[in-house]
Amino acid sequence: MKDALKTLERVKKFEIDEQRRVLMQKLAREEELQKTLKNLIEEYEREKEFVSQNPTLCDFGAYTDQYVKKRRALEKSIAEVQDEIESIKDIMADMFKEQKTFEIVTQNRKNKKNKELAEQEQKLLDEVGTNTYIKKHQQ
């Protein structure tokens with residue numbers, strides 16, 4: 001039973017490490033998407049400035065339509081990744097609760113064992129003391 005609990009603790013630790021790895025990947029993906037969105041907005045602002053200075057060169061309406069589609073797609077992707085991140089965080093929170101439960105059970109068992117050992121030691125000391133007292137008074 002004792003070994004089974006330690007095995008469960010190791011398995012839970014491994015699962016938490018795996019979730020951390022996945023979380024880090026998702027956070028990196030979110031950061032990448034945020035940078036892409038920022039670059040897209042900056043590019044749009046540059047194009048808008050260029051068109052305002054040269055209104056006869058191109059059709060800015062078509063460019064704006066494409067920009068809006070790309071921006072919405074990026075924002076949707078960012079929202080999906082953020083939802084996945086929140087889901088992973090919830091899973092990890094549950095895993096940490098389980099791990100803490102295992103730690104508490106282990107600590108309680110350890111405390112119980114220490115208490116039992118202390119009681120046995122006290123009984124032994126009491127018995128030795130009683131035997132010594134009896135021997136002194138018999139002589």
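Numbers for residues simply follow the sequence, beginning at 1.
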What distance do [X] atom [atom1] and [Y] atom [atom2] have between them, rounded to the nearest 0.5 Å?
{"X": "Y67", "Y": "E47", "atom1": "OH", "atom2": "CD", "result": "12.0 Å"}
{"X": "M95", "Y": "R20", "atom1": "CE", "atom2": "CZ", "result": "10.5 Å"}
{"X": "Q25", "Y": "I85", "atom1": "CD", "atom2": "CD1", "result": "11.5 Å"}
{"X": "Y44", "Y": "Q66", "atom1": "OH", "atom2": "CD", "result": "12.5 Å"}
{"X": "Q99", "Y": "I16", "atom1": "CD", "atom2": "CD1", "result": "4.0 Å"}
{"X": "E45", "Y": "K48", "atom1": "CD", "atom2": "NZ", "result": "4.0 Å"}

(request) Compare every heavy atom of M92 with every heavy atom of L23, then report the nearest pair and how far apart it is. (result)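 Closest pair (atom of L23, atom of M92, distance): CD2-SD, 4.0 Å.
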
(request) Check V81 against K26 and note the closest heavy-atom contact, atom names and distance. (result)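 V81 and K26 have their closest heavy atoms at CG1-O, 3.5 Å.
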
Please say yes or no: joined through hydrophobic side-chain contacts below 4.5 Å, possibly via intermediate residues, are [X] and [Y] part of one cluster?
{"X": "V22", "Y": "L27", "result": "yes"}
{"X": "Y63", "Y": "V68", "result": "yes"}
{"X": "I91", "Y": "V11", "result": "no"}

(request) Provide the full list of salt bridge (Lys or Arg N to Asp or Glu O under 4.0 Å) pairs with a residue in residues 118-139, sequence neighbours left out, each pair given once. (result)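 Qualifying pairs: none.
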
Does [X] come within less than 4.0 Å of [Y], counting only side-chain N to carboxylate O?
{"X": "R29", "Y": "E32", "value": "yes"}
{"X": "K113", "Y": "E116", "value": "no"}
{"X": "R21", "Y": "E18", "value": "yes"}

(request) Evaluate side chain to side chain contact (heavy atoms under 4.5 Å, CB included) for Q34 paired with E31, printing each intermediate quantity in order. (result) CA-CA 5 Å; Q34 291 286 3; E31 185 177 331; 5.6 Å; no

(request) Carefully, step by step, assess D17 and K13 under the rule salt bridge (Lys or Arg N to Asp or Glu O under 4.0 Å). (result) CA-CA 6 Å; D17 289 342; K13 184 179 183 308; 3.6 Å; yes

(request) Take E9 and K6 through the test salt bridge (Lys or Arg N to Asp or Glu O under 4.0 Å) and record every step on the way to the result. (result) CA-CA 5 Å; E9 286 179 30; K6 285 187 177 188; over 6 Å; no

(message) Can you see whether Q82 engages E30 through a side-chain donor-acceptor pair at a distance of less than 3.5 angstrom?
(response)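 On atom types as modelled, these side chains qualify, holding a pair under 3.5 Å.
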
(message) Can you confirm whether the side chains of E49 and Q53 place a donor and an acceptor under 3.5 Å from each other?
(response)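 Per modelled atom types, E49 and Q53 side chains form a pair under 3.5 Å.
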
(message) For a side chain to side chain contact (heavy atoms under 4.5 Å, CB included) check, start with the C-alpha distance between Q120 and L117, then their side-chain angles and the critical distance, and finish with the verdict.
(response) CA-CA 5 Å; Q120 287 176 354; L117 287 174; 3.9 Å; yes

(request) Take I104 and Q107 through the side chain to side chain contact (heavy atoms under 4.5 Å, CB included) test and state the conclusion after the steps. (result) CA-CA 5 Å; I104 290 170; Q107 186 62 41; 5.7 Å; no

(request) State whether the side chain of S87 and the backbone N or O of D83 hold a donor-acceptor pair below 3.5 Å, judged by distance alone. (result)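 No, the answer is negative, given that no donor and acceptor are paired below the 3.5 Å cut-off.
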
(request) Can you establish whether the number of heavy atoms outside K70 located under 6.0 Å from its atom NZ is more than 12? (result)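 Open: at most 12 neighbouring heavy atoms sit under 6.0 Å from NZ of K70.
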
